[in-house]
Every structure is written in structure tokens, then in C-alpha cells.
Asker: 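Quick one: the structure is below, questions incoming.
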Amino acid sequence: MQGALRRDWRGGTMIERVYSKELKPEMHGSRVSIAGWVQERRKLGGLLFLLVRDRYGVVQVTLPKKHVSQEVFETAKKLSRESVVVVRGTLQAMDKAPGGVELLPESIEVLSSAASPLPLDPTGRVPANLDTRLDHRVLDLRKPRVAAVFRIRSALLQAARSYLLGDGFIEVHTPRIISTASEGGTELFPVSYFEREAFLAQSPQLYKQMLMATGFDRVFEIATYFRAEEHDTIWHLNEITAIDCELAFISSHGDVMDVIESLVHAMLQGVESNCSRELELLDAELPECRRIPRITYEEALEMLEEQGFSLPFGEDLTTEAEKRLGEIMAEQGHELYFIKDFPLEAKPFYTMPEGEKLSRSFDLEFRGREVVSGSQRIHGYELLVERIKASGLRVENFQTYLEAFRYGMPPHGGFGMGIERFLMLLLKLGNIREAALFPRDRFRLQP
RNA sequence: GCCCUGGUGGUGUAGCCCGGCCUAUCAUACAGGACUGUCACUCCUGUGACUCGGGUUCAAAUCCCGGCCAGGGCGCCA
């Protein structure tokens with residue numbers, strides 16, 4: 001009775017099969033089923049080879065005309081590339097076969113026949129433009145190299161999540177739909193919210209700060225944000241994913257940088273121990289990150305000055321200067337480094353000032369490009385109001401945010417890390433679109 | 001928002017500067033055929049393309065203008 005009930009609950013069973021990586025020459029003679037996509041078909045008259053790809057690799061299915069049924073041979077002969085099949089047969093140890101094994105089929109079941117011609121070549125032998133690849137992203141993602149990017153992304157995020165949870169952070173989710181163009185800075189996408197206009201969140205900034213007044217002490221959020229900027233470069237997307245953290249009872253922004261240092265270390269460790277195959281496929285090398293140097297904005301200016309690159313104090317580094325600094329730091333053996341103590345004017349209103357002109361802020365640079373931006377935040381109500389006004393924003397728009405600062409707000413700080421940026425730089429991808437499954441940019445809304 | 005560049009079969013390209021032997025190159029894919037150890041199999045045969053509109057010219061893939069689409073840089077940011 002119990003058994004019958006359990007079957008009812010479970011509904012069905014998965015198609016029985018083994019993965020390519022599990023097949024070993026020692027299993028010679030055993031009967032197995034494999035399932036996957038027909039990557040290639042090589043016809044040699046009386047002998048036919050199928051290469052069937054699954055998530056871990058490729059298995060060769062060998063059909064000597066005289067030793068398989070005519071029906072199976074004909075089915076194999078007619079298969080189109082990328083069709084989905086289940087092949088049941090006897091495993092043979094065979095030196096001449098890839099992986100040292102091949103499958104002699106008793107049956108080939110076609111679960112899904114692929115149309116032809118294919119819009120791009122999933123083996124990657126004939127190259128395709130990024131635009132074509134993104135138009136047919138599902139097929140593009142069948143390439144092991146492309147899939148590897150997203151396995152690494154998953155490992156990176158899993159490591160980040162587990163590190164943060166272990167370090168006392170709790171995971172939260174703040175609203176994606178917000179009421180006003182509150183934060184300033186980036187443009188927001190308007191959405192229709194019943195009888196009112198609302199916007200898509202560009203970051204969780206104000207909400208994660210408000211949570212610092214609750215007693216959670218440390219929160220993080222991994223989520224998607226929307227930026228309505230009309231930029232069209234290899235570095236920008238209109239829909240991004242970020243790891244955002246905020247922590248209370250800090251004494252300075254150095255405490256925030258300490259968290260990032262450990263977090264980045266944990267993330268790279270996670271990738272190193274879970275994705276060696278993927279890193280090899282992508283020919284990627286992980287940066288050294290035990291200690292991440294922290295140079296001040298002023299030091300950065302001086303270093304650039306020595307190279308004949310003079311910049312006025314007070315402005316954010318230009319893209320060119322940022323790249324040049326990346327080269328200088330790389331020569332000294334640092335692919336990751338913080339630039340801290342930016343001029344107050346170059347940073348958002350909630351940034352804690354340091355003296356007259358500076359701020360308790362920082363960016364984490366990775367190979368000459370910003371991947372994290374953070375700071376100690378202002379926790380005093382009066383100063384915050386003053387800074388909102390000084391930044392040319394309207395205090396009325398910040399009433400609910402400001403209320404959190406009126407009834408007991410501890411000193412706090414935090415940061416946001418762009419996942420696609422980080423991945424792109426880590427794997428040296430040529431375009432940030434490659435770091436998103438289905439990227440959204442100025443012109444791309446599909447797939 | 002400003003600036004630059006490009007668009008050739010399903011895919012990736014050559015040709016464009018300097019218009020005409022372009023009936024448009026090559027690879028791959030696709031269709032048919034030969035082949036019992038392929039592994040980017042090989043070989044033979046075949047199908048398939050000049051982004052759209054206008055202009056210049058005896059003649060436009062090629063030069064000019066505009067549209068559409070795409071790529072990139074700056075600013076802004078992650």
C-alpha cells in the first residue's frame with residue numbers, strides 16, 4: 001500500500017541512461033543506454049559512426065553493417081545532426097575509439113529529430129559572429145567552451161553564497177519594482193504599475209542600507225538589476241546580475257574591503273576546485289588574490305603621472321587611465337587591486353566623507369577594469385540630508401529611506417559586484433554578452 | 001547622448017580601394033553517389049548569396065545619398 005502510494009506521488013521515472021564520463025574500458029561487454037545529441041555522423045559504406053554528445057562529453061556509437069540490425073543501421077544513416085537519441089547497446093573496449101570505448105547499438109530511439117540546416121555549427125569548427133551566436137543561443141550553448149562559462153558562473157556564485165552565509169550574512173531579496181528615480185546616477189526603465197508609473201531597480205542600494213537599521217547586521221543579495229543607459233560597448237549590459245553586501249558596525253571602509261578580499265578568494269577557490277576542466281577548455285588562468293593591495297586615489301594619480309598621464313584631482317579615472325593603471329599594476333604582479341579614498345564628488349550621495357574632499361570609498365579593479373564598487377555609508381540623518389541636497393537631489397523623494405536613519409542606524413558599509421564583469425575579466429571573454437546566457441543590450445531583446 | 005566602422009549562400013569568408021573577363025572565391029553545412037576503423041574521414045556530383053531604396057554610369061557586389069540592421073569607442077557605470 002505504502003509502495004503504491006509512493007509511486008503515485010513520484011509520478012514517473014527518468015529515462016535510464018549513463019553519462020559519457022562514466023563509460024570505462026573495464027566495462028567491456030556490459031549493456032548500457034546513453035542519451036544525447038548526435039554531434040556527428042561518419043558514413044564509410046558498410047561502417048557508420050555516430051558521435052553522441054551529453055553534458056560531459058562524447059560517446060562513439062559504432063555500427064558495422066553486418067553486426068547490427070538493418071533497421072538500426074537505416075535509422076542511424078538517416079539521423080540529422082543534433083537530433084536527440086537514446087542508444088542502447090553493448091559497450092566495447094576499443095583503443096581506436098575516442099575515450100577507449102564504443103557502443104554497439106541494439107536500438108536507437110529518436111526522441112527528437114533536429115531540423116536542417118542548422119543556423120550555426122554547434123561543434124564550433126565553422127566560426128560564427130557573436131550576433132549570430134546570440135540569435136541562436138540554445139545551439140551556441142551546446143558548445144563545450146560556451147557551456148563552460150556558465151558552469152564556472154554557477155560555481156562562482158555557489159562559492160560566494162556559501163562563503164557569505166558562513167561569514168554571518170543572511171540572504172535577502174529587495175524589491176525589483178521601485179517608486180522613484182531615487183538613487184540618481186543611471187537611467188531607470190519605467191514600468192506601468194496599475195494607475196501609477198514605477199521603475200525597475202538599478203541596484204538594491206537604498207533597501208540594503210535600510211536593512212542595516214533592522215538588526216540583521218549583515219545582508220547580501222544576488223539578483224538582477226536594470227540600467228537604462230544607451231551604451232553599446234563590450235563592457236555594458238542593460239540587465240546585469242550582482243552580488244550586493246551590506247554590513248553594520250564597521251569602523252571604516254577597510255572592514256568592507258576585508259570582506260571582499262575573503263569573498264573573492266573563496267570564489268576563485270570554488271572555481272579552482274570545481275571547474276578545472278572548464279578552465280582548461282577556456283584556457284583561463286586564475287589570478288593570485290591572497291592579499292589584494294589597496295592604493296589610494298591620490299597614489300593612483302601619482303603612478304599615472306609618472307607615466308606621463310596627468311589627470312586633474314577630483315575626477316573619476318577615465319577609461320584610458322584605468323586601463324593604463326591596470327598595466328602598471330600588472331607589471332608589479334597585481335591583477336586585482338583596490339583603489340580607495342576617491343574624491344567625494346566622484347561618488348554617490350550616501351558615501352561617507354573623509355575630511356573635506358575625500359570619501360571612504362573604493363573600487364576593486366580586476367585587470368584594469370572596475371568590478372566592485374563600495375564604501376562606508378553615511379549613517380547620520382543630518383549629514384545624509386545635507387549630502388542629498390548637495391548632490392542636487394530632492395529630499396522629498398527619499399522620505400522612506402531617510403526614516404530608517406531616524407530611529408537608530410549603526411555605522412555601515414557595503415559593495416556591489418557585477419557578476420558578468422567579473423566573469424568576463426576572469427575568463428578574458430571578448431564581450432560581456434558572452435557572460436550572460438541571454439544578454440539584454442541596447443538592441444537585443446530576444447532570445 | 002556624441003563619434004567611428006561594417007552588412008556577400010544556412011554558417012564563416014575572398015572580391016570592394018582602382019566599376020567591366022563576377023556566369024561571384026574558398027571552407028563548412030545540406031542533397032545524391034562510392035567507401036568496414038572513422039575521429040574536422042576521403043573522393044565524385046549537385047543545390048544555395050551580393051541588406052533595402054534611390055542616384056551616378058554604356059556598365060554597380062564595387063562609387064554617392066538615405067533607411068534598416070549590426071559591430072566598436074567615449075561618456076556613464078558593474
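Chain letters run A, B, ... following the sequence lines, proteins first, then strands; residues in each count from 1.
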Asker: With the side chain counted from C-beta on, respond yes when A:Lys143 and A:Arg133 share a heavy-atom pair under 4.5 Å apart, and no when they do not.
Answerer: yes

Asker: Indicate, with a heavy-atom threshold strictly under 4.0 Å, whether A:Arg444 touches base, sugar-phosphate, or nothing.
Answerer: nothing

Asker: A:Ile234 side chain: which of B:G37, B:G71, B:G73 is closest?
Answerer: B:G73

Asker: Are A:Phe362 and A:Phe342 near enough that their ring centres are under 6.0 Å apart?
Answerer: no

Asker: Looking only at atom C1', what distance separates B:A78 and B:U51, rounded to whole Å?
Answerer: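 After rounding to an integer number of Å, I get 35 Å for this pair.
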
Asker: Please check if the side chain of A:Arg421 supplies one atom and the backbone of A:Arg369 the other of a donor-acceptor pair under 3.5 Å.
Answerer: no

Asker: Which part of the nucleic acid, if any, lies within reach of A:Met417 when heavy atoms closer than 4.0 Å are counted: base, sugar-phosphate only, or nothing?
Answerer: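 Touches nothing.
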
Asker: Paired with B:G48: which nucleotide, if any, by Watson-Crick or G-U wobble criteria at under 3.5 Å for both distances?
Answerer: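 Partner of B:G48: none.
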
Asker: How close or far is atom C1' of B:G71 from atom CZ of A:Arg133, stated in whole angstroms?
Answerer: 14 Å

Asker: Give the nucleotide from the list B:G12, B:G37, B:G73 with an atom nearest to the side chain of A:Trp235.
Answerer: B:G73

Asker: Is B:A24 paired to anything, Watson-Crick or G-U wobble with both distances less than 3.5 Å, and if yes, which nucleotide?
Answerer: none

Asker: Does the side chain of A:Glu239 pick up a donor-acceptor pair with the side chain of A:Tyr225 at under 3.5 Å?
Answerer: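 The answer is no; no qualifying pair exists.
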
Asker: Say we look at B:G15 and B:G6: how far apart would their C1' atoms be, to the nearest angstrom?
Answerer: 16 Å

Asker: Going by purine N1 to pyrimidine N3 plus the second Watson-Crick contact, or the G-U wobble pair, all under 3.5 Å, which nucleotide sits opposite B:C74?
Answerer: B:G1

Asker: Could you give the NE2-to-P distance, from A:His236 to B:G75, as a whole number of Å?
Answerer: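 Between P of B:G75 and NE2 of A:His236: 9 Å.
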
Asker: Tell me whether the side-chain N/O atoms of A:Thr132 come closer than 4.0 Å to OP1 or OP2 in B:G12.
Answerer: yes

Asker: I'd like the C1' distance from B:C74 over to B:G20, given in whole Å.
Answerer: 43 Å

Asker: Pick the closest RNA chain B nucleotide for A:Phe49 and for A:Leu130 by heavy atoms, then say which residue is nearer the 5' end.
Answerer: A:Phe49

Asker: Would you mind classifying the nucleic acid contact of A:Asp121 as base, sugar-phosphate or nothing, using non-hydrogen atoms under 4.0 angstrom?
Answerer: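 It contacts nothing in the nucleic acid.
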
Asker: Map A:Ser373 and A:Asp95 onto RNA chain B by nearest heavy atom, then report which one ends up closer to the 5' terminus.
Answerer: A:Asp95

Asker: Between B:C74 atom C1' and A:Arg369 atom CZ, what is the distance in whole Å?
Answerer: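 Taking CZ of A:Arg369 and C1' of B:C74, I get 11 Å after rounding.
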
Asker: Using the P atom as the reference point in each nucleotide, state the distance between B:C16 and B:C21 in Å, no decimals.
Answerer: 13 Å

Asker: Let's see if you can work this out: which of B:A70, B:C74, B:A78 has an atom nearest to the side-chain heavy atoms of A:Ile240?
Answerer: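 Shortest atom-to-atom distance from the side chain points to B:A78.
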
Asker: Are A:Leu393 and A:Phe349 packed together at the side-chain level, in the sense that at least one heavy-atom pair is separated by less than 4.5 angstrom?
Answerer: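 They are in side-chain contact.
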
Asker: Considering Watson-Crick and G-U wobble pairs with both distances under 3.5 Å, what does B:C63 pair with?
Answerer: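 With both distances under 3.5 Å, B:C63 matches B:G55.
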
Asker: Looking at every strand, decide which applies to A:Lys78 at a 4.0 Å heavy-atom threshold: base, sugar-phosphate, or nothing.
Answerer: nothing

Asker: With rounding to whole Å, what would you report as the distance between B:G71 and B:G32 at their C1' atoms?
Answerer: 39 Å

Asker: Would you kindly give the CZ-to-P distance between A:Phe220 and B:A78, to the nearest whole Å?
Answerer: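 So the two atoms are 20 Å apart, to the nearest Å.
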
Asker: Could you tell me how far B:G9 sits from B:C22 if I compare only their C1' atoms? Round to whole Å.
Answerer: 15 Å

Asker: For a quick check of understanding: with a heavy-atom distance under 4.0 Å over all strands, which category does A:Pro119 fall into, base, sugar-phosphate or nothing?
Answerer: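 Sugar-phosphate, no base atom in range.
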
Asker: Taking only the C1' atom of each, what is the distance from B:U38 to B:G19 in whole angstrom?
Answerer: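 About 49 Å, rounded to a whole number of Å.
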
Asker: In whole angstrom, what separates A:Arg442's CZ from B:A70's P?
Answerer: 10 Å

Asker: Applying a 4.0 Å non-hydrogen cut-off, can you work out what A:Asn431 is touching in the nucleic acid: base, sugar-phosphate, or nothing?
Answerer: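 Sugar-phosphate, no base atom in range.
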
Asker: Take the protein atom CD of A:Glu322 and the nucleotide atom C1' of B:C77, then report the distance between them rounded to whole Å.
Answerer: 10 Å

Asker: What does A:Ile432 touch in the nucleic acid at a heavy-atom separation under 4.0 angstrom: a base, only the sugar-phosphate, or nothing?
Answerer: base

Asker: Looking at the side chain of A:Asp131, which of B:A70, B:A78, B:C76 is the nearest nucleotide?
Answerer: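 Minimum distance to the A:Asp131 side chain belongs to B:A70.
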
Asker: Any side-chain N or O of A:Lys77 under 4.0 Å from OP1/OP2 of B:A31?
Answerer: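 So the side-chain polar atoms of A:Lys77 never come under 4.0 Å of the phosphate oxygens OP1 or OP2 of B:A31.
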
Asker: Tell me the interatomic distance from A:Leu47, atom CG, to B:C35, atom P, rounded to whole angstroms.
Answerer: 13 Å

Asker: Using purine N1 to pyrimidine N3 plus N6-O4 or O6-N4 for Watson-Crick, or N1-O2 and O6-N3 for G-U wobble, both under 3.5 Å, which nucleotide pairs with B:A14?
Answerer: none

Asker: Atom NZ of A:Lys43 to atom P of B:G37: distance rounded to whole Å?
Answerer: 17 Å

Asker: So A:Thr318, base contact, sugar-phosphate only, or nothing? Heavy-atom distance under 4.0 Å.
Answerer: sugar-phosphate

Asker: Could you tell me whether the phosphate oxygens of B:A40, OP1 or OP2, come under 4.0 Å of any side-chain nitrogen or oxygen in A:Arg81?
Answerer: no

Asker: Looking at the side chain of A:Thr319, which of B:U38, B:G75, B:C77 is the nearest nucleotide?
Answerer: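 Looking only at heavy atoms from C-beta outward on A:Thr319, the closest nucleotide is B:G75.
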
Asker: Within the 4.0 Å heavy-atom criterion, would you say A:Glu102 contacts the bases, only the backbone, or no part of the nucleic acid?
Answerer: base

Asker: Classify the nucleic acid contact of A:Leu44 as base, sugar-phosphate or nothing, counting any heavy atom under 4.0 Å across all strands shown.
Answerer: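 Contact class for A:Leu44: base.
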
Asker: Would you tell me whether A:Gln307 and A:Arg324 have side-chain atoms, one donor and one acceptor, within less than 3.5 Å of each other?
Answerer: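 Judged by distance alone, the side chains do pair up.
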
Asker: Is there a side-chain contact between A:Leu51 and A:Val38, using heavy atoms and a 4.5 Å cut-off?
Answerer: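 No, side chains not in contact.
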
Asker: Rounding to an integer number of angstrom, what distance separates B:A29 and B:G73 when you compare their C1' atoms?
Answerer: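 Comparing C1' positions in B:A29 and B:G73 gives a spacing of 35 Å.
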
Asker: Base, sugar-phosphate alone, or nothing: which one does A:Leu237 contact when heavy atoms must sit under 4.0 Å apart?
Answerer: base

Asker: Would you classify A:Phe422 as touching base, sugar-phosphate or nothing, given that sugar-phosphate means primed atoms plus P, OP1 and OP2, and contacts are heavy atoms under 4.0 Å?
Answerer: nothing

Asker: Distance from A:Phe189 atom CZ to A:Gln202 atom CD, nearest 0.5 Å?
Answerer: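 Result: 11.5 Å between the selected atoms.
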
Asker: Can you tell me the base-pairing partner of B:C43? Count Watson-Crick or G-U wobble geometry only, both distances below 3.5 Å, and say none if there is no partner.
Answerer: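 WC or wobble partner is B:G33.
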
Asker: So what does A:Asn129 touch, heavy atoms closer than 4.0 Å: a base, only the sugar-phosphate, or nothing?
Answerer: sugar-phosphate

Asker: Is there a salt bridge (charged side-chain N to carboxylate O under 4.0 Å, His left out) between A:Arg142 and A:Glu82? Walk through the geometry before answering.
Answerer: CA-CA 10 Å; A:Arg142 292 183 188 177; A:Glu82 297 299 318; 2.9 Å; yes

Asker: Categorize A:Gln60 for me: base, sugar-phosphate, or nothing, with a 4.0 angstrom heavy-atom threshold over every strand shown.
Answerer: base

Asker: If you round to the nearest 0.5 Å, how far is SG of A:Cys245 from CD of A:Glu221?
Answerer: 10.5 Å

Asker: Go through B:U11, B:G75, B:C39 for me and flag the one nearest to the A:Ala128 side chain.
Answerer: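 From the listed options, B:U11 comes nearest.
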
